[in-house]
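As structure tokens, the structure follows; a few thoughts come after it.
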Amino acid sequence: MLEHYGQTAKSDAAQWGLNARRREISCGAWSRSRPEGAARVVFLPTFARIPSRFMLQLSVLRDQTDLVLAGLAKKRYATGPADVAAILDLDQRRRQLQTSHDSAQAEANKLAQQIGGLMKSGDKAGAETLKIRTAELKQHTQSAAAELAQVEKEQQQLLYKLPNLPHASVPEGRAAADNEVVREHGAKPELGADALPHWDLIKKYDIIDFELGVKITGAGFPVYKGQGARLQRALINFFLDEARSAGYTEMQPPILVNEASGYGTGQLPDKEGQMYHDAKDDLYLIPTAEVPLTNIYRDEIIPVEKLPIRITGHTPCFRREAGSWGADVRGLNRLHQFDKVEIVQITEPEHSYAALDTMVAHIESLLQQLGLPYRVLRLCGGDMGFTSALTYDLEVWSAAQGRWLEVSSASNFETYQANRLKCRYKADGGKTQLLHTLNGSALALPRIVAALLENNQTSDGIELPAVLHSYCGFSRIG
RNA sequence: AGAGAGGUGGCAGAGUGGUCGAAUGCGACGGUUUCGAAAACCGUUAUACCGGCAACGGUAUCGGGGGUUCGAAUCCCCCCUUCUCUACCA
């Protein structure tokens with residue numbers, strides 16, 4: 001499947017260049033490394049309401065080339081000018097070919113009809129005469145179609161390499177140190193000198209077992225035991241219940257996805273090497289519920305009265321984390337498999353940044369109820385994800401490690417994913433337009449668990465926040 | 001996993017090589033009629049790309065891809081998928 005481009009007909013799948021996958025680039029590690037305490041503090045409103053007009057569609061590349069180049073530069077995308085120039089060259093060629101192909105085909109179609117008429121009236125000689133011309137036309141359309149397919153393929157591959165453009169409010173910067181701290185909340189707990197990091201606490205109370213995971217699977221696949229397993233389940237239920245009362249509909253999507261879904265949300269081809277792949281059935285284990293949840297709306301024209309879409313789901317997430325190493329990935333800080341509750345919104349373009357604010361507010365309310373000190377960061381251009389236009393990271397204070405841990409990332413993708421997904425609606429006046437997609441973790445489990453254990457430890461147990469007591473069926477560990 | 005039958009426009013459902021982008025019905029939208037509504041009647045009813053300021057014109061799309069032909073919804077091949085029976089299993 002998905003092996004060949006059509007000669008004249010181009011299916012959606014082919015237009016997306018799905019067969020381009022194997023030769024694509026692979027970028028760096030999935031997760032950003034974030035040395036703690038390095039961000040500079042600034043004070044800004046949650047978001048600046050700046051009209052969005054960016055989408056990496058061909059029309060935008062053509063009409064607003066300078067803005068695109070500026071955006072790519074802010075995102076620290078090195079080969080932007082060369083790639084954009086190449087895409088525009090290919091585009092000109094593509095349009096020539098299309099026009100030439102279409103007019104030849106139009107003539108051929110007319111002749112075919114005439115031949116039909118001649119055959120019926122018994123004029124075989126007349127038909128044969130016309131066939132000479134159709135043979136010429138056929139040769140022309142075939143070669144034009146073949147070249148067209150080649151040009152489209154090259155163009156699509158280049159387009160897939162381009163990241164989304166950053167929103168105007170995104171700060172300049174190269175790395176984590178350049179992110180802006182939008183606000184901080186909660187007091188950091190003072191722990192005694194004998195306070196333990198979570199990787200010692202889980203052993204002390206025998207609630208999470210890494211060695212056992214190594215035996216069964218390998219590094220980065222811990223086994224949660226007893227109260228540890230129950231705490232996980234409690235957090236998942238708490239997060240899902242909170243999302244539901246915030247208006248999100250709960251979904252249970254598949255956790256293996258096909259190639260088209262990977263392209264739809266932008267994991268492919270960008271992060272091919274970071275996903276577990278089952279070659280036998282050509283399926284990918286999801287790195288986040290974002291992929292299946294957002295792809296529910298792939299190839300859809302959503303009735304405007306159903307907007308905004310708000311959905312949530314709990315899934316395990318799988319990340320190969322190739323190239324990841326060092327002290328800051330110890331314990332629960334980075335895993336190959338972890339659980340996460342995700343929230344997804346799909347909105348009309350004019351409402352997406354307000355929606356992003358409500359998502360961040362929702363995530364903050366979770367952290368507040370859990371009593372965890374946190375801060376909200378606005379990521380700089382160089383530290384943002386490939387597909388995002390604006391990303392807020394939320395980090396909790398891990399008291400025994402003495403560092404901030406990223407527990408959530410909430411992003412507005414504007415039309416970047418929607419363009420790939422073909423996720424649209426009928427705007428006023430009946431015009432079909434791309435929607436905006438957004439998502440956020442609410443929340444990722446392991447680092448929440450780490451912070452809960454560390455921040456709430458006493459010499460002989462861990463006192464859990466009140467909100468979890470009924471969910472857990474216990475109030476303390478140990 | 002084996003055998004069989006299917007996949008056509010928002011839905012239902014015709015169409016087995018030549019004005020078929022596709023009959024018909026339903027639904028939806030607009031209009032005539034009406035005090036208003038129903039009924040009836042008339043009209044409209046997809047997506048993408050190319051050309052054009054636009055009106056509009058062209059091309060493609062009948063699950064997906066490839067092939068045969070001057071011409072394919074219709075014939076051939078591969079794949080996906082749905083249903084039924086059998087097998088198996090949570």
Side-chain angles (χ1 to χ4, degrees), chain A residues 1-20 55 57-63 87-88 90-153 155-156 159 252 254-261 263 280-283 297-306 415 418-435:
Chain A
M1 68 174 178
L2 304 176
E3 285 299 334
H4 303 284
Y5 278 78
Q7 295 226 311
T8 55
K10 298 166 292 292
S11 73
D12 273 359
Q15 282 180 330
W16 298 7
L18 294 189
N19 49 359
M55 49 193 87
Q57 298 163 269
L58 267 176
S59 55
V60 175
L61 284 176
R62 276 201 296 259
D63 303 339
I87 289 168
L88 292 178
L90 286 167
D91 193 47
Q92 196 154 15
R93 182 70 187 137
R94 185 188 120 253
R95 294 154 86 185
Q96 284 171 3
L97 287 165
Q98 174 95 52
T99 304
S100 152
H101 169 273
D102 282 3
S103 55
Q105 187 65 54
E107 188 183 343
N109 285 347
K110 281 211 178 76
L111 288 174
Q113 272 189 20
Q114 290 176 22
I115 291 170
L118 292 172
M119 298 288 245
K120 269 186 181 162
S121 65
D123 183 358
K124 280 206 165 172
E128 289 304 322
T129 310
L130 291 184
K131 280 192 191 181
I132 295 168
R133 176 64 181 150
T134 57
E136 289 170 18
L137 289 169
K138 189 169 184 177
Q139 197 160 29
H140 181 76
T141 52
Q142 280 185 345
S143 70
E147 195 182 343
L148 185 62
Q150 181 58 34
V151 166
E152 283 181 338
K153 187 169 154 184
Q155 187 180 44
Q156 197 61 265
L159 279 169
Q252 282 194 4
I255 59 177
L256 283 117
V257 295
N258 59 29
E259 192 178 43
S261 293
Y263 274 92
K280 199 155 192 170
D281 292 310
D282 200 13
L283 296 172
Y297 297 95
R298 169 154 51 85
D299 287 324
E300 297 287 338
I301 296 177
I302 302 174
V304 72
E305 63 270 17
K306 292 203 172 159
T415 58
N419 184 41
R420 295 180 164 207
L421 291 160
K422 306 282 177 273
C423 177
R424 295 158 295 170
Y425 76 114
K426 299 262 192 209
D428 288 341
K431 202 179 167 203
T432 306
Q433 273 192 353
L434 294 171
L435 288 157

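Here is the naming used below: chain letters follow the sequence lines, and residue numbers restart at 1 for every chain.
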Residues in residues 107-121 of chain A with a heavy atom under 4.0 Å of RNA chain B, by number, are N109(A), A112(A), I115(A), G116(A), M119(A)
Residues passing the salt bridge (charged side-chain N to carboxylate O under 4.0 Å, His left out) test with K131(A), sequence neighbours excluded, are E128(A)
Rounded to whole Å, the CD-C1' distance (Q142(A) to U59(B)) equals 16 Å
ask   = In whole Å, what separates the P atom of C76(B) from that of U69(B)?
value = 16 Å
Check your understanding: With rounding to whole Å, what would you report as the distance between U24(B) and G65(B) at their P atoms?
Key -> 28 Å
Under 3.5 Å, which donor-acceptor pairs do the side chains of residues 109-117 of chain A form with other protein atoms, sequence neighbours left out?
residue	atom	partner	partner atom	Å
N109(A)	OD1	Q105(A)	NE2	3.1

Regarding T432(A), tell me which of base, sugar-phosphate or nothing describes its non-hydrogen contacts under 4.0 Å with the strands shown. sugar-phosphate
Pair C423(A)-R298(A), side chain to side chain contact (heavy atoms under 4.5 Å, CB included): steps then yes or no: CA-CA 5 Å; C423(A) 177; R298(A) 169 154 51 85; over 6 Å; no
Exercise for review: Taking atom C1' in both C79(B) and C85(B), compute the distance separating them and give it to the nearest angstrom.
Suggested key: 24 Å
**Q.** Gap in Å between the two C1' atoms, one belonging to G63(B) and one to U81(B), rounded
**A.** 7 Å
The side-chain hydrogen bond (donor to acceptor under 3.5 Å, both in side chains) partners of T432(A) (sequence neighbours excluded) come to K426(A)
note: D102(A), atom CG; G57(B), atom C1'; distance rounded to Å ~ 11 Å
Q433(A) atom CD is separated from A48(B) atom P, nearest whole Å, by 11 Å
Contacts of S143(A) meeting side-chain hydrogen bond (donor to acceptor under 3.5 Å, both in side chains) (sequence neighbours excluded), chain-then-number -> none
With sequence neighbours left out, the residues meeting salt bridge (charged side-chain N to carboxylate O under 4.0 Å, His left out) with R424(A) are none
Across all chains, not counting sequence neighbours, the side-chain hydrogen bond (donor to acceptor under 3.5 Å, both in side chains) partners of Q92(A) are none
H140(A) NE2 to C70(B) P, in whole Å, measures 19 Å
Between CD of E128(A) and P of G71(B) the distance, given in whole Å, is 13 Å
Assign each of K138(A) and R94(A) the nucleotide of RNA chain B bearing its closest heavy atom; nearer the 5' end lies the nucleotide of R94(A)
Tabulate protein N/O versus nucleotide N/O from nucleotides 51-56 of chain B, keeping only pairs under 3.5 Å, one per line.
residue	atom	partner	partner atom	Å
G51(B)	OP1	R95(A)	NE	3.3

Taken to the nearest whole Å, CG/D282(A) to C1'/C80(B) is 13 Å
Q) Within the structure, does a side-chain N or O atom of R424(A) lie under 4.0 Å from either OP1 or OP2 of A48(B)? A) yes
Across all chains, not counting sequence neighbours, the side chain to side chain contact (heavy atoms under 4.5 Å, CB included) partners of L283(A) are L256(A), N258(A), D281(A)
By salt bridge (charged side-chain N to carboxylate O under 4.0 Å, His left out), E136(A) pairs with (sequence neighbours left out) R133(A)
The reported gap from CD in Q150(A) to CG in L90(A) (rounded to nearest 0.5 angstrom) is 9.5 Å
Exercise. Taking atom C1' in both G6(B) and A14(B), what distance in whole Å separates the two?
Worked result: 16 Å
For RNA chain B, the dot-bracket notation using Watson-Crick and G-U wobble pairs below 3.5 Å, [ ] for pseudoknot-type crossings and | for other-strand pairs, is ((((((((.[[[..)..(.....]]]((((((.......))))))((((((....)))))).[[[[[..)....]]]]])))))))....
For nucleotides G9(B) and U61(B), find the distance between their P atoms and express it as a whole number of Å.
15 Å
Those residues at least two apart in sequence (or on a different chain) that pass side chain to side chain contact (heavy atoms under 4.5 Å, CB included) with D91(A) are L58(A), R62(A), R94(A), R95(A), Q155(A)
query = If you measure from the C1' atom in A5(B) to the same atom in G18(B), how many Å do you get, rounded?
reply = 30 Å
Rounding to 0.5 Å, atoms CG (L118(A)) and CG (L130(A)) come to a distance of 5.5 Å
Taken to the nearest whole Å, CG/D299(A) to C1'/G64(B) is 13 Å
Whole-Å distance, L283(A) CG to C80(B) P, equals 12 Å
Q. Under 4.0 Å: is that the gap between some side-chain N or O of Q105(A) and OP1 or OP2 of G58(B)?
A. no
How far, in whole Å, is G21(B) from C62(B) if one measures between their P atoms? 12 Å
**Prompt:** Tell me, do R93(A) and E147(A) make a side-chain contact under 4.5 Å, heavy atoms counted?
**Reply:** yes
